[in-house]
2 protein chains.
Amino acid sequence: MENEVGHEIADALGILLKRTTRTQLHKHLTEGMGKAVDELTYPILSALARTGPRSAADLAPDAGLDRSGVTRRASRLEAAGLIRREPDPTDRRASLLVLTDKGEHTVAELRERLAAHIAASLNSWPPGDAQTFARHLRRFITEGPFV
Amino acid sequence: MENEVGHEIADALGILLKRTTRTQLHKHLTEGMGKAVDELTYPILSALARTGPRSAADLAPDAGLDRSGVTRRASRLEAAGLIRREPDPTDRRASLLVLTDKGEHTVAELRERLAAHIAASLNSWPPGDAQTFARHLRRFITEGPFV
DNA sequence: CACAATAGCGTGCGCCGCGCACGCATCAGG
DNA sequence: CCTGATGCGTGCGCGGCGCACGCTATTGTG
């Protein structure tokens, strides 16, 4: 078999996806954050944190679901006080989904917890490897097969 | 911020998971394989391919769902001729889920396609980087934060 | 050997999230 | 001003899931 690396990565990703899909980790990380932050609504929070206020229609393809789905999830997040709907100044039909301070804080803390969780198990790696891995992973994201 | 690598990896994984969750890629990869192989049933196939015949109860935690869920998905896969139920010789209550030849071939081809898809976009990387990345990724799976 | 307790499997039930289609409000162009 | 197009939110039906139950087979106990 010539395509050794491809298979290696493919298998690893398969396992990784299965592992991270488990709600267990997410439940552990969201300890005490309220029911609104589940593995369904988190992609919305994360996307907003990365790209800033956006409309539901913009968010839909990024979240991998229908506009109506974004609406519903956003409503839940709004009820929990993590985001708010702001009228689009240039278009009165549209509303912009924007993180509240509480939302910003929540996603920041979640990111922090995940990073700590990852770093904790990586301190046994040889010194440079973690940095190299992080760099490769970033390139894999930005230039890889899943763009 | 001191935990640079952790954040780097955390963000990259977040993006990666969002990307790979999209049904688009899976639909592309399963082109012409029939409706039975969807992103719901694939974990079952993959687990069987990795570990050999297993009971539904064994598979449940690995697939991240209830035993009844495994039963239902297995039934669909059985109807599609990808797996079959074999009586457990040591326990006549239990049935072992085992890949048929067609199932073996299907999962092998899917793995092949994914590996090719990955390798294709990695041939622009510097020669050694892909191997290093694959090695690190494997270690990340086996010793990392998601075991 | 008889009988109770346990374990594995499959199924009915209710819940929930999703896509689809529709209605409503707004915008853009004639 | 009027018509078609666009963005949003909601009712509807579908489908997957967990839970609880029944059935069968196994194990343990006297």
Side-chain angles (χ1 to χ4, degrees), chain A residues 17-18 21-24 26-27 30 34-48 51 53-80 82-98, chain B residues 17-18 21-24 26-27 30 34-48 51 53-80 82-98:
Chain A
L17 292 183
K18 215 170 304 170
T21 306
R22 289 183 186 175
T23 43
Q24 193 182 357
H26 196 278
K27 197 172 295 180
T30 56
K35 314 282 185 183
V37 183
D38 52 20
E39 65 280 0
L40 296 179
T41 50
Y42 178 67
I44 309 248
L45 289 179
S46 166
L48 285 179
T51 66
R54 297 168 71 187
S55 78
D58 275 351
L59 237 51
D62 207 45
L65 38 77
D66 195 73
R67 292 196 323 280
S68 61
V70 178
T71 294
R72 276 182 272 258
R73 293 188 186 182
S75 300
R76 208 188 327 171
L77 288 171
E78 190 182 21
L82 297 176
I83 69 171
R84 63 177 187 276
R85 296 173 200 264
E86 220 168 68
D88 187 330
T90 72
D91 188 339
R92 263 185 300 180
R93 294 172 297 180
S95 25
L96 260 44
L97 304 180
V98 46
Chain B
L17 291 182
K18 214 170 306 170
T21 306
R22 288 184 187 175
T23 43
Q24 191 182 356
H26 196 278
K27 198 171 295 182
T30 56
K35 313 283 186 184
V37 184
D38 51 19
E39 64 279 1
L40 296 179
T41 50
Y42 177 67
I44 309 250
L45 289 178
S46 165
L48 284 180
T51 65
R54 297 166 71 187
S55 78
D58 274 352
L59 238 50
D62 208 44
L65 39 77
D66 196 72
R67 287 184 295 104
S68 61
V70 178
T71 293
R72 276 183 271 259
R73 293 189 186 180
S75 300
R76 207 188 326 171
L77 288 171
E78 189 182 23
L82 297 176
I83 70 173
R84 65 177 186 276
R85 296 173 199 264
E86 220 167 68
D88 187 330
T90 72
D91 187 340
R92 263 185 301 180
R93 296 172 296 181
S95 25
L96 260 44
L97 305 180
V98 46

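Note on naming: letters A, B, ... go to the chains in the order of the sequence lines (proteins, then strands), and numbering restarts at 1 for each one.
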* Residues forming a side chain to side chain donor-acceptor pair (under 3.5 Å) with A:Ser95, sequence neighbours excluded -> none
* Treat a base pair as Watson-Crick or G-U wobble with both distances under 3.5 Å, then lay out DNA chain D in dot-bracket form, 5' to 3', with | for cross-strand pairs. => ||||||||||||||||||||||||||||||
* Asked: With B:Ile83, which of B:Leu96, B:Leu48, B:Val98, B:Thr41 fulfils side chain to side chain contact (heavy atoms under 4.5 Å, CB included)?
  -> B:Leu48
* To do: State which residues pass salt bridge (charged side-chain N to carboxylate O under 4.0 Å, His left out) with B:Arg72; sequence neighbours excluded, sorted by chain then number.
  => none
* Who passes salt bridge (charged side-chain N to carboxylate O under 4.0 Å, His left out) against B:Asp91, sequence neighbours left out? -> B:Arg93
* With no hydrogens and no angle check, do the side chains of A:Thr71 and A:Arg85 hold a donor and an acceptor under 3.5 Å apart? -> no
* To do: Would you kindly compare A:Arg67 and B:Ala57 by the position of their nearest DNA chain C nucleotide and give the one closer to the 5′ end?
  => B:Ala57
* Asked: Rounded to whole angstrom units, what separation is found between the CG atom of B:Asp58 and the C1' atom of C:dG8?
  -> 11 Å
* Structure fact -> Atom CD1 of B:Ile44 and atom P of D:dG16 are separated, to the nearest Å, by 13 Å
* Structure fact -> Counting primed atoms, P, OP1 and OP2 as sugar-phosphate and everything else as base, the B/S/- map of nucleotides 23-30 of chain C against protein heavy atoms under 4.0 Å is --BBS---
* To do: Can you measure from CG (B:Leu77) to CG (B:Leu45) and round to the nearest 0.5 angstrom?
  => 5.0 Å
Between N or O atoms, less than 3.5 Å apart, protein on one side and nucleotides 11-14 of chain C on the other: list the pairs.
residue: C:dG12; atom: O6; partner: B:Arg72; partner atom: NH1; Å: 3.4

